[in-house]
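In what follows, a single structure is set out as C-alpha cells and then discussed.
The chains referred to below are lettered A, B, ... by the order of the sequence lines, with proteins before strands, and numbering in each begins at 1.
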Amino acid sequence: MPSFNIFDIAGSGMSAQTVRLNTTASNLANADSVSGTSTAAYKARHPVFKAVQSALNQPKSGNSVKVLGIAQSQDKSPARYEPGNPLANSEGYVYASNVNVVEEMADMISASRSYQNNVEVMNTSKDLMLATLKLGQ
Amino acid sequence: MALPLDNYLGIHPQALKLSARRSEVLAANLANADTPNFKAQDVDFKAAMAASGTSSATLPMVATQAGHIPLNQPGDALTAQLKYRVPNASSLDGNTVDAQMEQANFAQNAVRYQASLTFINAKFRSLMTAITGQ
C-alpha cells in the first residue's frame, strides 16, 4: 500500500469519536445536575463533525474528520419545584440539565461502533501493508 | 516504460495500486460515517482500470517544457474515477454513508488487494525458479 494516508484518515475518525464519547460521558455524568437559574443549568454538549481534505497537495485524496467545535443543546432546561434544595431560587424552583439520557446512550453505542470500524480499517490496512512489504520473499 | 518486467507482471500492479487507492476512499467514508452532509464516494473500478492504460490504444501526451503543467500520472488516472454513491436510504443530516455497505466493500477490497499480491508473488516466484533453475 503506497500511501500512509489511510492511517491519518482512520486516526482522525477515531479521535473524533473519542471527542464524541467524552461529551457523552460529560452529559451522562451531569444528567442530574441542578442549578438556580435556567441559564446556569447544564446544557447537553455535542461535537460538530466536518469532513476536511486530508492532504494539501492531493485535492482528491480521502477526507479525514475534524471536530469543528462542541455545540450546546438549545433545549429548554426543565424546572422542578424543590423548595428544600439549597440551590432553589426565591420561588423554590431548581433548573435541571436538558440531557436526554436515552439519546445519550444511543449516541454512546453509535460512537463506540464507529470507533471500532476505524480500528478495523486500520488493522486491515496494516496487515495489507505488511503483506506488501513481504512481496517477492 | 515498456520494461519487460512490467509486461511480465501484467495487470496486477495496476490493480494493486487501484485497490490501495480504493481502500483509502472507503476508509474516508467509514471515518466520516457520522459527519453531517458528507457524501460517500467510491472508485469506479472498471473505468479506472481502463483509464490506467494497460492498453496503448491512445497516444500519451508528453511534457516537453519545464513550465508545462504536469500531465496525469498513472496514479492520477485512478483518482479521476471517483464517483459519489447513490444512497439506498437518505438521512436527515445529508450524510450518504451506509456503514455496513462500506464495511462489506472494504472487506472485498482487502481480499482483492491480497489476491493481486498473491498473483504478483507467484509471478516473482516462477521468475526466481526460471533464474535459479531449481
Side-chain angles (χ1 to χ4, degrees), chain A residues 1-17 19-20 46-55 57-68 71 107 110-111 113-137, chain B residues 9 12-13 16-43 75-82 93-95 97 99-100 102-103 105-125 127-128:
Chain A
M1 213 163 270
S3 100
F4 287 86
N5 215 357
I6 199 162
F7 286 100
D8 294 340
I9 295 170
S12 76
M14 281 158 73
S15 99
Q17 298 302 336
V19 171
R20 191 169 164 208
H46 294 110
V48 181
F49 292 163
K50 189 180 185 306
V52 290
Q53 189 185 315
S54 58
N57 53 348
Q58 296 164 302
K60 283 182 176 156
S61 66
N63 291 306
S64 40
V65 194
K66 189 184 175 201
V67 180
L68 273 188
D107 214 36
S110 165
R113 288 281 178 270
S114 296
Y115 190 95
Q116 284 171 10
N117 267 345
N118 282 303
V119 171
E120 281 305 316
V121 167
M122 238 185 199
N123 263 334
T124 309
S125 309
K126 192 197 72 184
D127 287 347
L128 291 181
M129 270 183 170
L130 289 177
T132 315
L133 279 179
K134 285 196 216 111
L135 188 66
Q137 281 178 13
Chain B
L9 292 178
H12 302 302
L16 198 68
K17 209 187 243 178
L18 188 54
S19 290
R21 173 83 193 109
R22 186 166 183 233
S23 71
E24 209 173 280
V25 175
L26 295 178
N29 288 347
L30 277 170
N32 283 291
D34 299 310
T35 308
N37 287 320
F38 180 82
K39 308 296 180 206
Q41 288 178 309
D42 199 357
V43 175
D76 292 352
L78 308 181
T79 61
Q81 309 301 325
L82 276 186
D93 63 355
N95 185 304
V97 179
Q100 279 70 40
E102 301 297 341
Q103 265 180 335
N105 277 317
F106 192 84
Q108 182 214 44
N109 191 54
V111 173
R112 274 193 185 166
Y113 187 89
Q114 273 170 332
S116 293
L117 267 185
T118 310
F119 274 119
I120 296 177
N121 245 334
K123 289 259 187 187
F124 275 132
R125 215 174 298 126
L127 200 60
M128 287 307 285

Task: Minimum-distance pair of heavy atoms, taken over all atoms of B:Pro36 and A:Phe49 - done: CD-O, 3.5 Å
- [ ] Starting at CZ of B:Phe106, measure out to CD1 of A:Ile6 and round the result to the nearest 0.5 Å.
- [x] 4.5 Å
Task: Over 12 foreign heavy atoms within 6.0 Å of NZ, B:Lys123 - done: yes
TODO: Rounded to the nearest 0.5 Å, what's the gap from CG on A:Asn63 to NZ on B:Lys39? Could you check?
DONE: 12.5 Å
Open item on the list: Testing the basics here: between A:Asn118 and B:Ala31, what is the closest heavy-atom pair and its distance to 0.1 Å?
Closed with: OD1-CA, 3.4 Å
TODO: Report yes or no: do B:Asp34 and A:Gln17 form a side-chain donor-acceptor pair below 3.5 Å?
DONE: yes
- [ ] Would you give the length of the straight line joining atom CG of B:Leu26 to atom OG1 of A:Thr124, rounded to the nearest 0.5 angstrom?
- [x] 11.5 Å
Task: Atom pair OG1/CG of A:Thr132 and B:Leu117 - distance to nearest 0.5 Å - done: 4.5 Å
Task: Atom pair CD/CG of B:Glu24 and A:Asp8 - distance to nearest 0.5 Å - done: 9.0 Å
Task: Which portion of A:Arg113 sits near chain B, non-hydrogen atoms under 4.5 angstrom - done: neither
Open item on the list: Working to the nearest 0.5 angstrom, can you tell me the gap between B:Asn32 CG and A:Ser12 OG?
Closed with: 7.0 Å
Open item on the list: Ignoring hydrogens, what is the shortest heavy-atom contact between B:Ala27 and A:Val121? Give both atom names and the distance.
Closed with: CB-CG1, 3.6 Å
Open item on the list: Using modelled atom types and a 3.5 Å cut-off, is there a donor and acceptor pairing between side-chain atoms of A:Asn117 and backbone atoms of B:Ala99?
Closed with: no
Open item on the list: Is the shortest side-chain heavy-atom distance between B:Asn121 and A:Lys134 below 4.5 Å?
Closed with: no
